[in-house]
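A, B, ... follow the sequence lines: proteins, then strands. Residue 1 opens every chain. Because only heavy atoms are used, hydrogens play no part in the values below, and waters and symmetry mates are left out as well, while side chains stay in.
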Amino acid sequence: MTLITLDTPSAKPLLDWYDRHHRDLPWRISPGMAARGVKPDPYHVWLSEVMLQQTTVQAVKPYFEKFLQRWPEVTDLAAAETEAVMAAWAGLGYYARARNLKKCAEAVATEHGGVFPDTEEGLRSLPGIGDYTAAAVAAIAFDRQAAVMDGNVERVISRLYAITTPLPAAKPLMKEKVALLTPAARPGDFAQAMMDLGATICTPKRPACSLCPFRGSCEALKLSDPELFPVKAAKKEKPVRYGAAFIAVTGDGEILLRRRAESGLLGGMTEVPTTAWTARIDGETSAAAAPFEAAWQSAGTVIHVFTHFELRLSIWRAAIAAKIGADGWWEPVTNLEAQALPTVMKKAIAAAIPLAFKTSKG
DNA sequence: CAATCGTGGCG
DNA sequence: TCGCCAAGATT
């Protein structure tokens with residue numbers, strides 16, 4: 001029987017791989033430039049990292065460009081209207097990020113003289129910056145030897161060491177492994193290399209192990225099937241909730257909108273009037289629950305899947321002769337693009353007014 | 001610790 | 001078609 005020995009994992013092969021195969025991304029300084037001492041703007045790094053939380057690179061790109069163009073410096077963002085930031089963030093999801101983004105920019109502007117803290121600890125104390133983002137900004141923007149662990153790194157590490165403990169219980173162990181592997185030189189490139197590797201080679205399904213710089217040191221590859229890692233705790237079922245949404249349009253082409261509560265689901269975002277979203281179909285999901293009496297007509301059902309439940313929203317539409325006193329405000333349909341409307345609300349409006357948006361999905 | 005919190009793309 | 005999941009943070 002042949003014994004296949006495993007190399008001890010080290011940063012060097014990964015960094016060499018990164019020099020050849022790194023992705024070019026709008027918020028990134030190429031490794032070549034970085035080698036000449038060019039550092040990425042901490043504001044750019046922070047903005048991209050917050051946007052990238054649980055969000056794909058592809059989805060982030062246009063938002064990143066839009067934000068930088070509109071608010072070139074962190075002090076510009078700090079001085080912006082929160083409503084404008086929410087509207088610019090609309091569609092990207094996890095809206096607490098946008099509220100915290102604004103708070104963080106304000107804290108940097110007022111408490112740190114417009115300059116980001118350059119340590120993991122200092123960054124970690126800011127709104128919306130958790131363990132991952134603090135380490136990522138510290139390593140990438142400030143060359144700190146911080147252990148960066150995101151979903152990509154968890155996958156790479158779990159395979160490299162064939163960790164059978166399920167997530168999230170295995171995180172502390174994984175963090176130890178990452179810390180031991182993180183080099184004093186080029187810690188930012190190392191972190192980005194781990195994430196690029198996870199995104200392009202060490203993928204969740206059908207990883208390209210033959211191209212991996214760790215192929216000689218991966219325990220999962222040697223012992224079993226890398227695709228079996230990371231082991232994850234079983235997830236719960238997704239319940240269904242029901243509700244109704246009401247699209248009232250005046251003869252002048254204005255629609256009734258209102259603001260959601262600051263906290264909770266879609267916090268601080270704009271919506272059309274809706275009922276509560278409940279577990280069962282009842283009177284609250286019919287036209288009887290409308291914000292005011294009108295000739296409400298059914299406009300079908302919108303199904304929207306959130307992280308932890310599926311929403312089935314009955315859509316009702318009414319033509320209103322004159323503006324009716326109600327909570328909220330009347331907004332020209334031609335100005336809906338500028339509103340802080342989350343995707344589910346755009347879907348609801350598009351169901352009632354097909355031409356409301358240039359691009360309607362659903 | 002477990003639950004909450006969006007959306008879109010992809011196998 | 002549908003489950004998975006993506007550079008997580010907060011409570």
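The hydrophobic cluster containing A:M33 also includes A:I29, A:V38, under a criterion of side-chain heavy atoms closer than 4.5 Å among ILVMFWY residues, counted directly or through chains of members.
Listed by chain and residue number, A:D196 satisfy the salt bridge (charged side-chain N to carboxylate O under 4.0 Å, His left out) test with A:R28 (two or more places apart in sequence, or in another chain). Residues forming a ring-ring contact (aromatic ring centres under 6.0 Å, His included) with A:W296 (at least two apart in sequence, or on another chain): A:F246, A:F292.
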**Fill in**
Going 5' to 3' through nucleotides 5-11 of chain C and flagging B where a protein heavy-atom sits under 4.0 Å of the base, S where only the sugar-phosphate is that close, and - otherwise, we get -BBBSS-
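Among residues at least two apart or in separate chains, salt bridge (charged side-chain N to carboxylate O under 4.0 Å, His left out) pairs with a member in residues 134-160 of chain A are A:D118-A:R144, A:E154-A:K171. Counting only residues at least two apart or in different chains, ring pair (Phe, Tyr, Trp, His ring centres under 6.0 Å) contacts with residues 60-86 of chain A comprise A:W27-A:F64, A:F67-A:W71, A:F67-A:W89. Legend: ring pair (Phe, Tyr, Trp, His ring centres under 6.0 Å) pairs involving residues 108-137 of chain A, not counting sequence neighbours, sorted by first then second residue: A:W46-A:F116.
At a threshold of 4.0 angstrom between heavy atoms, the contacts of A:L92 include nucleobase atoms, whether or not backbone atoms are also involved. As judged by a 4.0 angstrom heavy-atom cut-off over every strand, A:G91 is placed among residues touching the sugar-phosphate backbone only.
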Could you pull out every donor-acceptor pair under 3.5 Å between side chains of residues 173-185 of chain A and any protein atom, sequence neighbours left out?
unit_1	atom_1	unit_2	atom_2	d
A:T182	OG1	A:V178	O	2.7

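For residues 60-71 of chain A, proximity to DNA chain C is found at no residue, defined as any non-hydrogen atom under 4.0 angstrom from a strand atom.
Taking every heavy atom of both residues into account, A:A147 and A:A135 meet most closely at O-CB, 3.4 Å.
Here A:H308 reaches the OP1 or OP2 of B:dC5: one of its side-chain N or O atoms lies under 4.0 Å away. Contact annotation: A:H304 side-chain N/O to B:dT7 OP1/OP2 distance is under 4.0 Å.
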